[in-house]
Chemist: 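This structure is in structure tokens; I'll ask about it shortly.
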Amino acid sequence: MKFLVTGGAGFIGSNLVQSLLDENREVICLDKNPDGNWSKGSLNYIGSINNVKLLEDIISNHEIDTIFHMAAEASVQVSLSDPILKMRTNALGTNKVLDVAKRFGVRKFVMSSTCAVYDGNTSPYALSKNLAEQMCEYYSRDLSVNVLRYFNVYGKGHRVTGPYTPVIAIFIDRYKRNLPLEIVGTGEQKRDFVNVDDVVRANKMIADSDLGYDVYDVGSGLNHSVKQIANMISEDHVHIEERQGEVFSTLSSVEKIKNDLKWSPTISVEDWISEQIG
């Protein structure tokens, strides 16, 4: 059984790739970022999911059984300034991967989506992921497809710079550099934080399952305010201006994935932060 991870040099993707390799599974990684977090144990390709010829070569030559589709342009703020990029990657790119997967008889397709779709079409990012999900449903008549909607993912290997950096990563980095934690707006906005190890486990479990098409939340089922997270790390705070496109609260509903997949989150954000700041 061979696995293709698109976006496999990114934060979540690289964690999944390493976890699969640790289980002695054969992994092919496709990512457009040459400076990403690449694993030495996987077979790695630098390229875009919009390159159909590359997708065809990878999927056919390696007889791919399962695709974890994680490649995406993920920042809400960036999407406001460059909506075309979001649509090209998240909607059109997903369509291309699905179509090649169908033509070459891939057994399982696991799509990484986002809780941003619950906010309607409030940003080009949310709209592009919504369209990607609709394409997954369309192709599910020919492919075994499942969609996982991630909430606020944190954990090992997270970025500390750039537009996709999780707030927990930023806070811990500033704490370790003896800098005040910068809280956007009031800090009362709430987020459902889920550890990347739990997200990886959900991906592997659903890939190994025989579940038909469905969409599942992947979160903790709890939410914390940004100010509460900051207080777990440091009392040294400053507030900065609010960002356009931010939602006030996210909260997953994990009963369906618990019932259907027997998956539950196992890592609490409080315990993980405590371990990191020692």
Side-chain angles (χ1 to χ4, degrees), residues 1-75 89-90 93-94 96-98 100-101 104 106-113 146 148 150 153-166 168-170 172-173 176 194-209 218 263 266-267 272 275-276 278:
M1 188 178 294
K2 298 181 182 180
F3 299 85
L4 170 62
V5 182
T6 70
F11 165 42
I12 302 173
S14 62
N15 275 276
L16 174 61
V17 168
Q18 190 57 55
S19 181
L20 291 168
L21 291 171
D22 290 343
E23 296 173 353
N24 295 315
R25 306 206 199 194
E26 191 169 350
V27 185
I28 293 88
C29 175
L30 172 63
D31 200 295
K32 70 176 185 178
N33 182 10
D35 299 318
N37 188 14
W38 296 89
S39 172
K40 295 179 180 178
S42 55
L43 184 58
N44 299 320
Y45 290 85
I46 298 172
S48 168
I49 57 172
N50 278 298
N51 185 336
V52 172
K53 179 63 166 59
L54 178 60
L55 289 171
E56 290 173 340
D57 289 346
I58 292 173
I59 293 173
S60 62
N61 292 341
H62 298 289
E63 299 179 344
I64 298 298
D65 175 84
T66 299
I67 296 176
F68 295 101
H69 180 49
M70 296 186 163
E73 295 289 344
S75 171
T89 302
N90 299 346
T94 297
K96 290 179 178 179
V97 181
L98 282 162
V100 177
F104 286 90
V106 169
R107 180 191 66 86
K108 191 79 168 182
F109 190 100
V110 183
M111 162 77 182
S112 291
S113 190
N146 294 107
L148 300 179
Y150 306 151
V153 186
Y154 70 94
K156 62 186 178 186
H158 52 207
R159 299 171 182 267
V160 294
T161 58
Y164 316 132
T165 308
I168 292 175
I170 297 172
I172 290 177
D173 178 63
K176 290 182 175 178
V194 59
N195 193 275
V196 68
D197 287 345
D198 283 328
V199 172
V200 164
R201 188 164 49 84
N203 273 272
K204 293 190 299 183
M205 289 176 68
I206 207 159
D208 291 337
S209 77
V218 180
W263 175 93
T266 61
I267 302 169
W272 190 87
E275 290 176 4
Q276 299 306 302

Chemist: Mind checking whether H158 and F11 have parallel, tilted or perpendicular rings, split at 30° and 60°?
Modeler: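 Taking F11 first and then H158, their aromatic rings sit tilted (interplane angle of 30° to 60°).
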Chemist: Could you list the residues that satisfy ring-ring contact (aromatic ring centres under 6.0 Å, His included) with W38, not counting sequence neighbours?
Modeler: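 Residues passing ring-ring contact (aromatic ring centres under 6.0 Å, His included) with W38: none at all.
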Chemist: Quick one: pull up NZ in K204 and CZ in R25 and give me the separation to the nearest 0.5 Å.
Modeler: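 Here the rounded value is 6.5 Å.
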Chemist: Which distance, rounded to the nearest 0.5 Å, do you find between the OG of S42 and the CG of L4?
Modeler: 10.5 Å
Chemist: Testing N37, V200, V199 for side chain to side chain contact (heavy atoms under 4.5 Å, CB included) with N15, which one passes?
Modeler: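 The single option meeting the side chain to side chain contact (heavy atoms under 4.5 Å, CB included) with N15 is V200.
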Chemist: Please report the C-alpha distance between I267 and Y154 in whole Å, then the side-chain angles of each, then the deciding distance to 0.1 Å, and finally whether the side-chain contact (heavy atoms from CB on, under 4.5 Å) criterion is met.
Modeler: CA-CA 11 Å; I267 302 169; Y154 70 94; 4.0 Å; yes
Chemist: Please name the pair of heavy atoms, one in D31 and one in N33, separated by the smallest distance, quoted to 0.1 Å.
Modeler: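 Shortest heavy-atom contact: OD1-N, 2.9 Å.
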Chemist: I'd like to know whether K156 forms a side-chain contact (heavy atoms from CB on, under 4.5 Å) with D197, so could you lay out the CA-CA distance, the side-chain angles of the two residues, the decisive distance to 0.1 Å, and finally the verdict.
Modeler: CA-CA 8 Å; K156 62 186 178 186; D197 287 345; 3.2 Å; yes
Chemist: Determine the minimum heavy-atom distance between A72 and N90, stating which atoms define it.
Modeler: CA-OD1, 3.3 Å
Chemist: With side chains defined as the heavy atoms from C-beta onward, is the minimum distance between F109 and V97 less than 4.5 Å?
Modeler: yes
Chemist: Let's go through I59 and I67 carefully: what are the C-alpha distance in whole Å and the side-chain angles of both, what is the deciding distance for side-chain contact (heavy atoms from CB on, under 4.5 Å) to 0.1 Å, and is it a yes or a no?
Modeler: CA-CA 9 Å; I59 293 173; I67 296 176; 3.8 Å; yes
Chemist: When you check the gap from the basic side-chain N to the acidic O, do D208 and K108 get nearer than 4.0 Å?
Modeler: no
Chemist: Please report the shortest heavy-atom distance between A169 and V160, naming the atom on each side.
Modeler: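 Closest approach of A169 to V160, heavy atoms only: O-CG1, 4.1 Å.
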Chemist: As an exercise, state the distance from CD1 of I12 to CG of N203, rounded to the nearest 0.5 Å.
Modeler: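 Rounded to the nearest 0.5 Å, the CD1-CG separation comes out at 8.0 Å.
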Chemist: Over all heavy atoms of both residues, which pair between L54 and G47 is shortest? Give the atoms and the distance, please.
Modeler: CD2-CA, 3.9 Å
Chemist: So, K53 and D57, do they make that salt bridge, N to O below 4.0 Å?
Modeler: yes
Chemist: Could you tell me the separation between the CG atom of L30 and the NE2 atom of H69, rounded to the nearest 0.5 Å?
Modeler: 10.0 Å
Chemist: For atom NZ of K2, decide whether the heavy atoms of other residues, nucleotides or ligands shown that lie under 6.0 angstrom number more than 12.
Modeler: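 Check passes, neighbour count above 12.
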Chemist: How far apart are the closest heavy atoms of I49 and A71, and which atoms are they?
Modeler: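 That closest heavy-atom pairing would be CG2-CB, 3.8 Å.
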Chemist: G13 and M70: which non-hydrogen atoms are nearest, and at how many Å?
Modeler: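 Minimum heavy-atom contact is CA-SD, 3.5 Å.
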Chemist: Can you establish whether the number of heavy atoms outside E56 located under 6.0 Å from its atom CD is more than 12?
Modeler: yes
Chemist: Rounded to the nearest 0.5 Å, what's the gap from CG on L16 to OG on S39? Could you check?
Modeler: 11.0 Å
Chemist: I need the Y45 OH to C29 SG distance, nearest 0.5 Å.
Modeler: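 If I round to the nearest 0.5 Å, the distance is 11.0 Å.
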Chemist: The criterion is salt bridge (Lys or Arg N to Asp or Glu O under 4.0 Å); which residues satisfy it with K176, sequence neighbours excluded?
Modeler: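 Listed in chain order: nothing, the list is empty.
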Chemist: Do the side chains of V218 and D198 get nearer than 4.5 Å, heavy atoms only?
Modeler: no
Chemist: Given side-chain contact (heavy atoms from CB on, under 4.5 Å), test Y150 with V194 step by step and report yes or no.
Modeler: CA-CA 8 Å; Y150 306 151; V194 59; 5.6 Å; no
Chemist: Check salt bridge (Lys or Arg N to Asp or Glu O under 4.0 Å) between K32 and all other residues, then give those that pass, not counting sequence neighbours.
Modeler: E73
